[in-house]
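Order of listing sets the numbers, starting from 1, for every ligand and every atom in it.
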Amino acid sequence: MLKEGFLYYSLKDYLKEKYGKRVQKITVSLPFTCPNIDGTKAFGGCTYCFSGTRPAHLNPSVPLRDQIEEGIQRAKQRYGRNILFFVYYQSYSNTYGDREYLKSIYDTALEFEEVVGIDVGTRPDCAPEWVLELLESYANMGLEVWIEYGLQSANFKTLKFINRAHGVSDFVDAVLRTKKRNLRVCAHIILGLPFEDREDMLETGKLLSALPIDGVKIHPLHIIKGTKMAQQYLNGEFEVLSLEEYAERAVDIIEILPPNMVIHRLTGEVEEDRLIAPDYCTYKKKGEVLQAIQRELEKRGSYQGCKSAFVR
Ligand code: SF4
């Protein structure tokens, strides 16, 4: 829950509160694809997607155990030994496989004593009951299990334009079914999508507030080289948000989210040589983005939930 003196409820604060120490996510990458790429739902993927949003330093051909082991060692060197871990299955759709394969990759997390949770990124149309049942089995064994669903926007026309190949209803359905189980849900949204105005973005935030969602990742739209969206952007079809505009829109959303919804992320970044725009979406400038959001919250005298429309 948002504590006195804090302006939003970050994942870091939530994990510290729950586990009493630092909890670090180890991001791993596996040879998944996505139904929006392989033709099951559509071809080509979301127009902003490059390599399933996999960070360049991750290599899906490295065995999963080695990726986890390396991540643990790196974090311990940086933060000391008194630390716990989540394994974050990040790129592409990490529930898009057969039962045996999915079980084997989630089981691998159980081999590491200091791993207390798993975090599985996927699409809302990739969560059949058997997947949720499998994921819940890890929660019943004592792991904290988050499932991250990309929504990106509550505007169906935007979803069509960016070729998400699922609807808002798929997202609502996945959230409601997931929350019948011992699982936690994190939703991803993007601010600054083509042709969206402030009201569109607020509507997306309101939808999240109205649903039993536990956490959110808010990203600024960023244009990556080699994507379809890069061509549209370079043709001048739309603009991206300036840093100040992004901070304003992010604060609009923070103000309406319930105070107990964990904010997992407020930034989005790629390597400088892969980025076209905006220039603040790099690892180097992540701190500047967080500072701009903090300044905007302070300027308005606002905080998470101060305009929350729904009581949960
Ligand atoms: S759903 Fe994710 S992995 Fe699939 S195309 Fe869209 S962004 Fe890429």
Quiz prompt | From CA spacing to verdict: salt bridge (Lys or Arg N to Asp or Glu O under 4.0 Å), R300, E255 | solution = CA-CA 10 Å; R300 295 189 195 182; E255 288 176 338; 3.3 Å; yes
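D38 and Y96 share a donor-acceptor pair across their side chains, judged by distance under 3.5 Å alone.
Residue Y92 approaches ligand 1 through these ligand atoms, each under 4.0 Å from one of its heavy atoms: 3 (S).
Screening C49, P194, C46 for a side-chain contact (heavy atoms from CB on, under 4.5 Å) involving M229 leaves a single residue, P194.
With a 6.0 Å cutoff to the six-membered ring centre and a 45° limit on the axis angle, K285 does not count as a cation-pi contact of Y280.
Listed by chain and number, the protein atoms of type N/O/S under 2.8 Å from atom 6 (Fe) of ligand 1 are C46 SG; waters are omitted.
Not less than 6.0 angstrom separates the ring centroid of Y8 from the ring centroid of Y303.
The list of side chain to side chain donor-acceptor pair (under 3.5 Å) pairs with a residue in residues 225-241, not counting sequence neighbours, is empty.
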